[in-house]
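Input: a single structure, listed below in structure tokens.
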2 protein chains.
Amino acid sequence: MTTAQELTKNQSLVFNTLSRADGPLSAYTILDQLRGDGFRAPLQVYRALEKLLDYGMVHRLESINAFVACAHPHHHGHSHGMIAFAICEKCGQVSEFSDDIITQRVRQWTTDNGFKQTKTTIEIRGVCANCGTA
Amino acid sequence: MTTAQELTKNQSLVFNTLSRADGPLSAYTILDQLRGDGFRAPLQVYRALEKLLDYGMVHRLESINAFVACAHPHHHGHSHGMIAFAICEKCGQVSEFSDDIITQRVRQWTTDNGFKQTKTTIEIRGVCANCGTA
DNA sequence: CTCGATATGTGATGTTATTACATTAGTCAA
DNA sequence: TTGACTAATGTAATAACATCACATATCGAG
């Protein structure tokens with residue numbers, strides 16, 4: 001992960017769009033929201049996302065093909081552990097958390113099996129507390 | 001998860017294709033391999049996959065949009081725990097494993113946060129032992 | 001047999017992501 | 001300043017993944 005730096009115009013636009021959103025957005029949703037700012041093609045979004053992912057400012061949710069602004073932007077906090085996401089299928093809210101034991105157990109398996117991990121995805125889908133009680 | 005039963009023609013064709021493959025296949029790759037058996041449209045594959053997933057005979061790898069036959073078909077073994085997948089980005093081989101501690105830690109989080117999980121994805125991407133030493 | 005449920009066939013369409021190529025803007029050294 | 005290099009951008013086309021809508025067929029229960 002490259003360290004963050006001054007964002008370019010397109011990167012800022014995409015990042016601000018994700019930050020303002022109250023849940024994950026698809027690349028094409030971002031595109032639509034940025035048409036007024038001159039965006040015309042998917043690639044403008046995907047290229048910005050690629051950098052933002054690289055800087056650790058944005059996460060990709062593989063199970064729903066969507067992107068969210070990182071919930072822990074400042075200290076790039078638990079960045080040494082794996083990040084897990086709980087995604088509510090009712091309201092779309094995403095909770096981000098990190099668990100050292102899980103990280104450790106995954107590392108244990110990869111070590112035992114000679115597997116060099118580059119990226120790990122942990123995504124829990126279901127219904128959040130708010131939606132569950134409603 | 002519904003319990004497995006006699007598979008229909010299309011379901012068998014799709015399942016056999018996945019079983020013979022030495023790695024995950026995309027829906028469209030399956031389609032291409034089954035053209036000789038009369039398959040003409042993606043939906044024929046997706047419909048069969050849907051059932052096979054439901055029966056627990058096949059897994060979907062969210063991070064690569066592909067499907068694999070379950071590696072533990074007989075006892076539907078660790079089916080109470082979450083299944084993790086290690087996917088080699090060099091050779092495509094997938095290792096399937098289950099870890100009680102991870103399952104427990106995830107359940108801990110969901111319990112603490114009132115989140116009702118329906119499906120959990122754990123996918124480790126990287127390079128397997130074989131490819132790493134080569 | 002007839003009804004209902006499940007499975008299938010087929011075309012069109014929707015959604016997500018990348019390729020290819022041209023252009024623009026910034027940096028740095030000679 | 002010029003030239004050369006690198007990063008960022010613009011645009012069209014296409015590839016890859018998935019679903020909708022509607023018609024037809026198959027099969028078991030009553």
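Reminder, nothing fancy here: chain letters follow the sequence lines and each chain counts from 1. Everything numeric in this text was worked out from a predicted model, so none of it was measured.
- Summarising the geometry, the separation between CD on A:Glu6 and P on D:dA7 is reported as 18 Å, rounded to the nearest angstrom.
- Between A:Lys51 and D:dA8 there is a side-chain polar atom (N or O) within less than 4.0 angstrom of OP1 or OP2.
- As a whole-Å value, the separation of A:Leu31 CG from D:dT9 P is 15 Å.
- A distance-only check finds a donor-acceptor pair linking the side chain of A:Thr103 to the backbone of A:Met82 [under 3.5 Å].
- Between the CG atom of A:Leu49 and the C1' atom of D:dT9 there is a distance of 15 Å, rounded to whole Å.
- Under the 3.5 Å distance criterion, the side-chain polar atoms of A:Asn113 are matched with a main-chain donor or acceptor of A:Trp109.
- Rounded to a whole Å, the CG atom of B:Leu13 is 13 Å from the C1' atom of C:dA7.
- A donor-acceptor contact closer than 3.5 angstrom links the side chains of A:Asp112 and A:Gln108.
- Counted by atom type alone, A:Glu123 and B:Thr121 present zero donor-acceptor pairs between their side chains at under 3.5 Å.
- Here D:dA8 presents its P atom at 6 Å from CD of A:Gln11, a figure rounded to the nearest Å.
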| query | With the sugar-phosphate defined as primed atoms, P, OP1 and OP2, and the base as all remaining atoms, what B/S/- string results for nucleotides 10-26 of chain D, 5' to 3', for protein heavy atoms under 4.0 Å? | reply | BB-----BBBBB-----
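- Contact between the side-chain N/O atoms of A:Thr8 and the OP1/OP2 oxygens of D:dT9 is found at a separation under 4.0 Å.
- Taking 4.5 Å as the limit, some side-chain heavy atom of B:Thr17 sits within range of a side-chain heavy atom of B:Arg20.
- A heavy-atom distance below 4.5 Å is found between the side chains of A:Gln117 and A:Arg107.
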